[in-house]
Amino acid sequence: MQHLVSHQASSEKLVRAQALMQTAMKRLEKEFYQIFKSFRFYLDPESFSAHSSSSRPSATRSSFSDLEEDESENESRDENDSIPGAQRVSLAAVEDLRAIAEAMIKAGYAKECIKIYKIIRKSFVDEALHGLGVDRTLNLQKVQKMDWEVLEVKIRNWLHAVKVAVKTLFPGERILSDQVFSISPAMGESCFAEISKEGALALFEFPENVAKCKKTPEKMFRFLDLYEAVSNLWPEVESMFNSESTSTLRSTAVNSLIKLGDAVRTMLTSFETAIRKDPSKSTVPGGGIHPLTRYVMNYISFLADYTEVLSGIVADWPLTIPSPLPEPFFGSPDNEESISSPVSVRLAWLILLMLCKLDGKAAMYKDVSLSYLFLANNLQYVVGKVRQSNLKILLGDEWVTKHELKVKQYCSNYERMGWSKVLASLPENPTAEIPVDQVKDHFRNFNLAFEETYTKQTSWVVPDPGLRDDIKISLARRIVPIYKEFYETYGGMHLRKEMWVESLVRYTPDDLGNYWSDLLNGSGSSGSVSSSSSRGGRSR
């Protein structure tokens, strides 16, 4: 034909050749289409993307036609063949597609070849994304009108879909385009861009639309999931969609990261404001764990699981603190090696802010000793949460040790303030010889102080078993030895002849231990402490 065009342009042979060429091209178009349809399963990106883009069938098996001819031979060698059967079929089918594409392009029928390719593969990609639950009609208006519970389900589904699409679907299509149009990389790139662009845009517009929704702290973790997914997949996205025709897709993915980062920072600010403006005015019965403490620490513990994600979001976002950090909580800045990263500093600040709010709530207790017990309980809960989560890695051992000492200080203040009357009722030297009237006064004052303190504190609570036992042991070590010495000196059997002993000495040292077993459990016993017969104590 080329010769006739140059030398005999009006030859009938040229007309016949052109007619034959058109017939051949139509046959190839049909074959091209038929291979895609017949071997749809073998050209599924989920299996095809596992092949290297450089994979090529061997010279002895260069097409599907060859594969059919050698079928019996192949069956006898399957066990020794390192290439799985499905992959051999796939590679052979691709080789036939490549040969057809090359023939059509060389014959000047590239447009027809590309048209068929785009129609078939775009249909496949669209169907695959639909199967993954990607709703291409889900625009910004629809997203903003959704209830959060419904949108949260959509987000979870998207997290699965985007991973499959970026890791499997799109890479498979990229490899297929590159191999089929190996004669013209530009055509392969154009086909891949046309096939995947629309679906990929719908996929990556979703997180950007979510980021534009109303932002509240409880939505934080789904936003972080979205940010993490896009961030982790960005290298593949940038590499795969690297042409000018797919620049819109790259910018959409980048905008998603920017918008999600802005949304996370907004929600962190809202969370901080919610702590600062916590409206609760009532005290927690028995000095237990405040709801603010549980909420904030659970929230921050979850945030600590997203340290790597947060580090990219808050790295260039300076922390604005309205006043210098209190020395008792952080120490001097020069010694804060453990609290150095932006995430660590920000989470430590949120905890500190909450502890400052708890100081204010503790002041609402009328009983000072109960306020110290409240602070001990809540700080113990904070330390426990830090120890049990990634917060321990972020805040460091020094932070934990410092706050554990603070818990002990609160407990010591509780014991000193809460049991001061009981201790004051006993003589400084319990074995010293004193007048009988003073002995009677000491026993009488001890009874009154102990019964008053015990009755009041049976409704108090220490939820942490270890801390509760430590407090009881500490109280016993403070009070029992002094009382025991005084009891043995003036309330023992050798003084039973004295009538006042029977009426005033209500408790043995062992009785005190029995009574303490009821303390700090929040039981709220309303019975009289002096009704001690059930505990083996003395009667009145």
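Both backbone and side-chain heavy atoms feed into the values below; hydrogens, waters and symmetry mates do not.
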Looking at every non-hydrogen atom in both residues, tell me the closest pair between [X] and [Y] and how far apart they are.
X	Y	value
R265	I313	NH1-O, 2.6 Å
S344	L394	OG-O, 3.0 Å
N157	L132	ND2-O, 3.2 Å
G188	S177	O-CB, 3.5 Å
A253	V230	O-CG1, 3.7 Å
D359	Y410	OD1-OH, 4.0 Å

Main chain of [Y], side chain of [X]: is a donor-acceptor contact present, judged purely on distance under 3.5 Å?
X	Y	value
T273	T269	yes
N378	G288	yes
S123	I119	no
H130	D126	no
K167	E236	no
K392	V383	no
T23	A19	yes
S251	T248	yes
D464	Q380	no

For residues [X] and [Y], determine if any side-chain heavy atom of one lies less than 4.5 Å from a side-chain heavy atom of the other.
X	Y	result
D178	P185	no
I275	V296	yes
P291	V284	yes
I155	W158	no
Q144	K214	no
K406	K402	no
F181	C113	yes
V407	H403	no

How far apart are the C-alpha atoms of R174 and E189, what are their side-chain angles, what is the distance that settles it, and do they pass the side chain to side chain contact (heavy atoms under 4.5 Å, CB included) test?
CA-CA 8 Å; R174 181 62 186 258; E189 175 63 41; 2.7 Å; yes
Begin with the C-alpha distance, continue with both residues' side-chain angles, and end with the deciding distance and a verdict on side chain to side chain donor-acceptor pair (under 3.5 Å) for W349 and E272.
CA-CA 9 Å; W349 160 245; E272 179 179 334; 3.1 Å; yes
Verify side chain to side chain donor-acceptor pair (under 3.5 Å) between K361 and S280, making sure each step is shown before the conclusion.
CA-CA 9 Å; K361 296 181 187 302; S280 59; 2.9 Å; yes
Assess whether atom [atom1] of [X] is packed by more than 12 heavy atoms of other residues, nucleotides or ligands within 6.0 Å.
X	atom1	value
K259	NZ	no
E244	CD	no
E194	CD	no
K212	NZ	yes
Y33	OH	no

Is there a salt bridge (charged side-chain N to carboxylate O under 4.0 Å, His left out) between R250 and E238? Walk through the geometry before answering.
CA-CA 6 Å; R250 295 195 303 275; E238 186 178 30; over 6 Å; no
Supply the atom-to-atom distance [X] [atom1] to [Y] [atom2], rounded to the nearest 0.5 angstrom.
X	Y	atom1	atom2	value
L347	L310	CG	CG	7.0 Å
M146	N209	CE	CG	10.5 Å
F206	L201	CZ	CG	15.5 Å
L151	C213	CG	SG	5.5 Å
L233	F204	CG	CZ	6.0 Å
H290	M354	NE2	CE	11.0 Å

Residues F192, F241; criterion ring-ring contact (aromatic ring centres under 6.0 Å, His included); working and verdict:
CA-CA 9 Å; F192 171 68; F241 301 100; 5.4 Å; yes
If you draw the axis of the six-membered ring of Y381, does the NZ or CZ of R294 fall within 45° of it and under 6.0 Å from the ring centre?
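The answer is yes, since R294 meets both limits relative to Y381.
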Would E404 and R387 satisfy salt bridge (charged side-chain N to carboxylate O under 4.0 Å, His left out), going step by step from the backbone distance to the final call?
CA-CA 11 Å; E404 285 178 335; R387 280 192 169 280; 2.9 Å; yes
Side chain to side chain contact (heavy atoms under 4.5 Å, CB included) between R222 and W148, intermediate numbers included
CA-CA 11 Å; R222 289 303 174 202; W148 173 244; 3.9 Å; yes
Take L268 and M220 through the side chain to side chain contact (heavy atoms under 4.5 Å, CB included) test and state the conclusion after the steps.
CA-CA 8 Å; L268 280 172; M220 169 73 77; 3.6 Å; yes
Applying side chain to side chain donor-acceptor pair (under 3.5 Å), run through S243 and T246 and close with a yes or a no.
CA-CA 5 Å; S243 66; T246 54; 3.1 Å; yes
Looking at K26 and E29, is any side-chain nitrogen of the basic one under 4.0 Å from a carboxylate oxygen of the acidic one?
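No, E29 and K26 are not salt-bridged.
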Start with the C-alpha gap between E112 and K115, add the side-chain angles, then the distance that decides, and say whether salt bridge (charged side-chain N to carboxylate O under 4.0 Å, His left out) holds.
CA-CA 5 Å; E112 289 79 0; K115 180 180 179 182; over 6 Å; no
Using the ring of each side chain (for Trp, its six-membered ring), is Y117 parallel, tilted or perpendicular to F32, with breaks at 30° and 60°?
tilted
I need the full list of side-chain hydrogen bond (donor to acceptor under 3.5 Å, both in side chains) pairs touching residues 299-318, with sequence neighbours left out, sorted by first then second residue.
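Those involving residues 299-318 are D225-Y306, D305-N390.
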Go through the steps to decide whether S341 and V345 satisfy the test side chain to side chain contact (heavy atoms under 4.5 Å, CB included), and finish with yes or no.
CA-CA 6 Å; S341 73; V345 171; over 6 Å; no
List the steps and the verdict of salt bridge (charged side-chain N to carboxylate O under 4.0 Å, His left out) for E198 and K122.
CA-CA 9 Å; E198 189 176 329; K122 186 175 186 303; 3.3 Å; yes
Under the criterion side chain to side chain contact (heavy atoms under 4.5 Å, CB included), which of L395, L391, V386 is the partner of V400?
V386
